[in-house]
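Single-structure report; data block below.
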Amino acid sequence: MTVLDPDTPTGWAPGADDEDDPTEDMPLSMRLSIADTLTLGNATCGFMAVYFTTTGILIPHLMGSDESGMARHSAATAVILMLCAAVFDLFDGLVARKLRSSPMGAELDNLSDLISFGLAPAYFVLVYGMVADDAHQRVAAVGAIVVLLAVVLRLARFSCVTLKDGTFQGMPSPFGALTVVSIVLLELPFVATLLAIVGTAWLMVSRVEYPKPRGPLAVAMLSWIVAAMGLLAAWAFDAPGGQLLLQTGCALQLVLGAVIPLFATARRVNNFRGNRRDARAAQLP
């Protein structure tokens, strides 16, 4: 049943003036921009990472399987899917700036990031707590919740806070997710692993400024993601030196996660001191 507004002029029906707008009758899929399609690819990769973590690691463990090769392949596949999600997240922003994005682009981006860089790494930590020999399941569950809530808070703050162009406040969620899974793959003692995961979650909700991946930095990030995929593939197929290569890559990810905040803090301190010197110089006669 169609209900007309009493203030609507006689002879006018809703949609009568919309015949010249061809997008009005288009299905939803036709209204999505190219950037939105890349964002949906991000969400798909995150969901499939959860799938491979469940079917290849958790279920075989619960069934008492001792086949470590399958778990290694599934773990590598899950992390590679998170890396693919990061690639989609990198390119959807670039495409949106070059072409266009739909009005729901920002919401799609936040929801997809929550799946790929919140749920997927948190679930990875949770499963690690269930299958690792020296892990404590309930404590690992707390760590997983901390990671998930950190990403939720970070994405919510990103939607509400306006920052100067070219910077993020807090560690970006894709970088944080990759740091979390790198910590797990390093196979450190459980307490050290948990502390590093909680520290990464804190960095995601901190006020430390991180540069946005644009220009040469975007190329460097993409190159690093491709290299990480190669390291994971070598480890998954038990290539000679694959374990060492993977540990080296994971350690480098942790070093980057720790060094960037130090550089950002040092730069902020230097800027603060420079502003104080300029203020004092301006007060001198």
Side-chain angles (χ1 to χ4, degrees), residues 38-61 70-93 107-132 135 137 140-156 158 170-187 193-194 196-201 203-205 221 224-226 228-229 231-233 235-236 246 249-250 253-254 257:
L38 293 174
T39 303
L40 294 178
N42 171 5
T44 302
C45 288
F47 174 78
M48 293 305 296
V50 172
Y51 168 80
F52 278 101
T53 303
T54 302
T55 58
I57 303 176
L58 180 58
I59 292 179
H61 172 76
M70 179 180 179
R72 187 169 62 249
H73 291 169
S74 298
T77 302
V79 179
I80 287 175
L81 284 165
M82 293 184 213
L83 289 167
C84 291
V87 174
F88 280 119
D89 186 62
L90 174 65
F91 278 101
D92 68 358
E107 299 299 330
L108 284 175
D109 189 60
N110 277 347
L111 293 171
S112 297
D113 286 354
L114 179 59
I115 296 172
S116 298
F117 312 125
L119 175 62
Y123 187 71
F124 199 81
V125 172
L126 178 65
V127 173
Y128 154 75
M130 299 176 69
V131 304
Q137 181 176 337
V142 173
I145 292 173
V146 169
V147 171
L148 180 63
L149 294 182
V151 176
V152 170
L153 291 172
R154 173 180 164 66
L155 293 174
F158 179 76
M171 179 183 286
S173 52
F175 193 88
L178 298 180
T179 303
V180 166
V181 297
S182 296
I183 293 168
V184 174
L185 293 175
L186 270 176
E187 299 181 351
T193 298
L194 187 66
I197 288 172
V198 172
T200 303
L203 283 174
M204 284 194 279
V205 297
M221 179 179 176
W224 169 241
I225 290 174
V226 172
M229 290 182 180
L231 296 176
L232 285 163
W235 173 66
L246 178 71
C250 291
Q253 178 74 27
L254 265 65

- Query: Among all residues two or more places apart in sequence or in another chain, which pass the side chain to side chain contact (heavy atoms under 4.5 Å, CB included) test with F47?
  - Reply: none
- side chain to side chain contact (heavy atoms under 4.5 Å, CB included) against A236, all qualifying residues, sequence neighbours excluded: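 By the side chain to side chain contact (heavy atoms under 4.5 Å, CB included) rule, A236 matches H73, A76.
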Straight-line distance of [X] [atom1] to [Y] [atom2], nearest 0.5 Å:
{"X": "T200", "Y": "L203", "atom1": "OG1", "atom2": "CG", "answer": "6.0 Å"}
{"X": "T53", "Y": "M48", "atom1": "OG1", "atom2": "CE", "answer": "10.5 Å"}
{"X": "F117", "Y": "D89", "atom1": "CZ", "atom2": "CG", "answer": "4.5 Å"}
{"X": "Y51", "Y": "T44", "atom1": "OH", "atom2": "OG1", "answer": "14.5 Å"}
{"X": "I225", "Y": "C84", "atom1": "CD1", "atom2": "SG", "answer": "9.0 Å"}
{"X": "L114", "Y": "L155", "atom1": "CG", "atom2": "CG", "answer": "6.5 Å"}

Shortest non-hydrogen contact between [X] and [Y], atoms and distance:
{"X": "A120", "Y": "V50", "answer": "CA-CG2, 3.9 Å"}
{"X": "M204", "Y": "A150", "answer": "CE-CB, 4.2 Å"}
{"X": "L231", "Y": "G249", "answer": "CD1-CA, 3.8 Å"}
{"X": "C250", "Y": "L185", "answer": "SG-CB, 3.8 Å"}
{"X": "F52", "Y": "S74", "answer": "O-CB, 3.6 Å"}
{"X": "A140", "Y": "V125", "answer": "O-CG1, 3.8 Å"}

- Query: Looking only at atom types and distance, does a side-chain atom of S112 sit under 3.5 Å from a main-chain N or O of T39, one as donor and one as acceptor?
  - Reply: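 Checked: pair present.
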- Task: With sequence neighbours excluded, give me every side chain to side chain donor-acceptor pair (under 3.5 Å) pair touching residues 120-129.
- Result: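 Matches after skipping sequence neighbours: T54-Y123.
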- Note on the structure: Residues pairing under side chain to side chain donor-acceptor pair (under 3.5 Å) where one sits in residues 140-150, two or more places apart or in two chains, turn out to be none
List, one per line, each side-chain donor-acceptor pair under 3.5 Å for residues 172-184, sequence neighbours excluded.
| residue | atom | partner | partner atom | Å |
| --- | --- | --- | --- | --- |
| T179 | OG1 | F175 | O | 2.7 |
| T179 | OG1 | Q253 | NE2 | 3.1 |
| S182 | OG | L178 | O | 2.7 |

- Query: L111 versus I115: any side-chain heavy-atom pair under 4.5 Å?
  - Reply: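 SC-SC contact between L111 and I115 ruled out.
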- Query: For D113, what residues pass the side-chain hydrogen bond (donor to acceptor under 3.5 Å, both in side chains) criterion, not counting sequence neighbours?
  - Reply: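 Once residues adjacent in sequence are excluded, the partners of D113 under the side-chain hydrogen bond (donor to acceptor under 3.5 Å, both in side chains) criterion are N42.
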- Would you please test L83 and V87 for side chain to side chain contact (heavy atoms under 4.5 Å, CB included) and show each step? CA-CA 6 Å; L83 289 167; V87 174; 5.8 Å; no
